[in-house]
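One structure is given here, and the rest of the page talks about it.
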Amino acid sequence: MTDTIRAVRGMKDLLPPESRRWQQVEAVSREIFARYGYQEIRLPLLERTELFARSIGADTDIVAKEMYTFTDRHGDSLTLRPEATAQVVRAYLENGLHLGAGVKKFFTIGPMFRYERPQKGRYRQFHQINGEALGVDVPELDVEVILLLLDILKHLGLRDLELLINSLGCPVCQVDFKARLTIFLARREGWCDDCLRRRAANPLRVLDCKSQNCQALLMEAPLLRDCLDDDCRRHYDRVLELLSRFGVPYTEQPRLVRGLDYYTRTAFEVTAGGLGAQDAVAGGGRYNGLVKELGGPDLPGIGFAIGQDRLMEILPEQDSPAPPRIFLAALGPPARETAFSLLRELRRQGLAAEFDFQDRSLKAQLSLANRLGASFTVILGDRELAQGRVLVRRMDGGEQQTLPLDGLAAALAALIAREKDEHRV
RNA sequence: GUGGGCGUAGCUCAGUUGGUGAGAGCACCGGGUUGUGGCCCCGGAGGCCGCGGGUUCAAGUCCCGUCGCUCACCCCA
C-alpha cells in the first residue's frame, strides 16, 4: 500500500477468530499442567544479555547471530529472550525456590524473539509453551515430562506425532565422544562446507546435517550412546524402559543433538507432518549443569518447549459453538435510550448482549445480529415502548414472542438457560 | 547473510504475443418490505496494477533497480 506503517518483519498480528483458538490451546495446556502439578510463572521479556550468553552457549547460532540485543539508557546490555529455560533457572535461583527440598515444577507461556529470516513455522517473535522440572535427576521425572508434553498435544487433538529421543550423556561422556567424533570427522573427506565449519566450532552439530551426502558419511560415525558412562547408560535405559511400559511409541535418534549447549542426558523432539521444513512442534531435554553454570548449586533440571505457532498450524479444525448472544434492535431515539439501558442490565445479568451503535434501519440491525451469531434479537420501537413490551425474535427459526419490558433480563436469562440445556441433550 | 517464487480492490485471484476505457468471486453499503436477518435479484462504493527509473507511438504486461511478502538453506520451537 502507500507508506502506512507495517508490523516489523517476522512479527504478526493475531486476530479473531484465530486469537480465540490460541486461548483455547492455552486453556487446555494450563489444565494439563495443573494435573501434573506444574505451576505458572510469568517472566520478563527482557533479561541481561549475559544470562543467555552463559547458558545457551556462546558458539550457538542463537547467541552468535540471532539475539535481539541492545544497550539501555543506563549502559546495560539487555536481550529480548530467545528462549525460556535460562530465565526459569534465573528466577528459580533469584527467588530462592531451590532452597526447599524436592522437585519444583513450573510452566510458562509467552513470546520469544530470535533475529532470523522468517519462513514457514519460524518467526522473529514466536510463542512457546514451556514446562520445566528442577531439582531432581531421576529417569521417572524425564518420563513424566515427556508424558506431560504428549498429554498436552494429545488433548489438543494432535495425532500422528513422532517422538524422537536420544541421550547426550553428561559432560564426561561428551568429552569422550567429541574426541572420537573429531577424529572420525578428520579422517573422512567430502563434508559439505557447513560441516567443515561445524567440525571446527562444534563437532556435534555435524551429526544432524541435512545433506544426504554428509548423512551417508555419518553412517559409520561413532554414536553418543556408545560413549555413555554407566550412570548415563542406566538413566537412559530406564527412560526407554518406562516409555515402553507405558506404551509410548518413540524412535531412537542417535544423531539428535539439539542446538543449545546446556543439554545433558535425555534429549527429545516431537515432530509432525504438515509443517514444511520446520517440522519440530516441541523439543526439550535435561540440563543438569545449567543451574550451577548460572551461579547456583549443582542441581539438575529437565524441560520442554512447545512451539505454539507451529502447533496452531497443525491443529485440527474444531468449531466451538458461539456463546449465546442477545442483540438489541432499537428504532428511533426514545427506543435507543431504553435499549442502551437494557443493554447494561442484560450484561449485569451475565448475558452477552450487543446492539448497533450506528442508528440504522431494523433490517440493517437484524442483519448485524445475524452476522454476530445472536440467538435472540430484542426488537424495541415506539409501539413496544408505548405498551411497555418488546418483541423477542429467535434468530434460528424467526419465531417472535412479546415479553414485558419489566423483568426482561431475567426472562431472557431463562430462555438462554433453556436453550443451553437443549443443546446439551 | 544466500537462493527460488510472488507483489493488481479489505480478502482470494483473473488479466491472452505490450494495443480504446482496469476485471471476477467473497466481504461491505443501499434497494427489492411504511418496522424484520439468512437465500435470491438489482444497484453502489472501493485500485498512483508495491515504489523508482528505462525501452516504446503505446507498459498491469518487457528490462533494470529498490522495498515488501513467501518458501528454502543455516539453525531451532
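Chain naming here is simple, since letters A, B, ... match the order of the sequence lines and numbering starts at 1 in each.
- The residue among A/A364 and A/A305 whose nearest nucleotide of RNA chain B is located toward the 5' end is A/A364.
- Across B/C57 and B/A14, the matching C1' atoms stand 28 Å from one another, rounded to whole Å.
- Between A/E354 and A/R347, at least one side-chain N (NZ, or NE/NH1/NH2) sits under 4.0 Å from a carboxylate O, which counts as a salt bridge.
- Under a 4.0 Å N-O distance rule, the pair A/K65/A/E116 does not qualify as a salt bridge.
- If you measure from atom NZ of A/K120 to atom C1' of B/C6, you get 16 Å, rounded to the nearest angstrom.
- To the nearest whole angstrom, the two C1' atoms, one in B/C28 and one in B/G47, are 16 Å apart.
- The minimum heavy-atom distance between A/R310 and A/A280, with the atom names listed, is NH1-O, 2.9 Å.
- Listed pair A/Q119 / B/U70 fails the phosphate criterion, with no side-chain N or O lying under 4.0 Å from OP1 or OP2.
- Between the CG atom of A/D61 and the P atom of B/C73 there is a distance of 14 Å, given to the nearest Å.
- Among the atoms of the strands shown, none is found under 4.0 Å from any heavy atom of A/F327.
- Atom pair A/Q365:CD and B/G37:P shows a separation of 12 Å (rounding to whole Å applied).
- Minimum atom distance to the side chain of A/N370 is reached by B/G37, of the listed B/A72, B/G37, B/U36.
- Picking from B/U36, B/G3, B/C75 the nucleotide with the shortest atom distance to the side chain of A/L366 gives B/U36.
- Comparing the P positions of B/U8 and B/G50 gives an interatomic distance of 6 Å, to the nearest angstrom.
- Per the geometry, CG belonging to A/L368 stands 12 Å off P belonging to B/G38, to the nearest Å.
- Residue A/E384 is classed as a base contact, given a heavy-atom separation below 4.0 Å to a base.
- Taking the centre and axis of the six-membered ring of A/Y92, the NZ or CZ atom of A/K104 falls outside the cone set by 45° and 6.0 Å.
- Atom C1' of B/C62 sits at a distance of 35 Å from the matching atom of B/A27, rounded to the whole Å.
- When Watson-Crick and G-U wobble pairs are counted only if both distances are under 3.5 Å, B/G1 pairs with B/C73.
- When Watson-Crick and G-U wobble pairs are counted only if both distances are under 3.5 Å, B/U16 pairs with no nucleotide at all.
- Nearest to the side-chain atoms of A/R360 among the listed nucleotides B/G37, B/G1, B/G30 stands B/G30.
- Within the shown strands, nothing qualifies as a pairing partner of B/U34 under the Watson-Crick or G-U definition with both distances less than 3.5 Å.
- Proximity note for A/R6 (side chain, C-beta onward) versus B/U2, B/G68, B/G35: the nearest is B/G68.
- In the set B/U36, B/A72, B/C75, B/U36 carries the atom at the smallest distance from any side-chain atom of A/R393.
- Side-chain atoms of A/N288 and A/Y262 include no donor-acceptor pair closer than 3.5 Å.
- As rounded to the nearest Å, B/G7 and B/U61 have C1' atoms that lie 14 Å from one another.
- Nucleotides B/C71 and B/C64 are separated by 25 Å at their C1' atoms, to the nearest Å.
- Residue A/R371 is classed as a sugar-phosphate contact, given heavy-atom separations below 4.0 Å to backbone atoms only.
- Nucleotide B/U66 forms a pair with B/G50, judged by Watson-Crick or G-U wobble geometry with both contacts under 3.5 Å.
- B/A27: no Watson-Crick or G-U partner with both key distances under 3.5 Å is found in any strand.
- Using N1 to N3 plus N6-O4 or O6-N4 for Watson-Crick, or N1-O2 and O6-N3 for G-U wobble, each under 3.5 Å, B/U55 pairs with nothing.
- Between the P atom of B/G68 and the CZ atom of A/R9 lies a distance of 6 Å, rounded to the nearest Å.
- Rounded to whole Å, the distance from CD on A/E399 to C1' on B/G37 is 14 Å.
- Residue contacts shown for A/L260 are limited to sugar-phosphate atoms, with no base heavy atom under 4.0 Å away.
- Here A/A369 lies out of heavy-atom contact (under 4.0 Å) with every strand.
- When the P atom of B/U70 is taken as reference, atom CG of A/L275 falls 16 Å away, rounded to whole Å.
- Remark: C1' of B/U36 and CZ of A/R394 are 17 Å apart, rounded to the nearest angstrom.
- Each of A/A280 and A/L391 lies near RNA chain B, and the nucleotide nearest A/L391 is the one positioned closer to the 5' end.
- Judged by a 6.0 Å distance limit and a 45° cone about the ring axis, A/R225 is not positioned over the six-membered ring of A/Y236.
- Residue A/G276 is classed as a sugar-phosphate contact, given heavy-atom separations below 4.0 Å to backbone atoms only.
- Within the nucleic acid shown, A/I379 comes within 4.0 Å of at least one base atom, counting heavy atoms only.
- Base contact: A/Q400 has a heavy atom under 4.0 Å from a base atom.
- No engagement by A/D309 is indicated, since no non-hydrogen atom pair under 4.0 Å with the nucleic acid exists.
- The two atoms that bring A/F357 and A/F340 nearest to each other are CE2-CE1, 3.9 Å, heavy atoms only.
- Taking atom P in both B/C49 and B/G10, one finds a spacing of 12 Å when rounded to whole Å.
- A/E83 comes within 4.0 angstrom of no nucleic acid atom, judged by non-hydrogen atoms across all strands.
- When the P atom is used for both B/A9 and B/G30, the distance is 24 Å, rounded to whole Å.
- In this structure, A/E144 pairs ionically with A/K105, as a charged nitrogen and a carboxylate oxygen lie closer than 4.0 Å.
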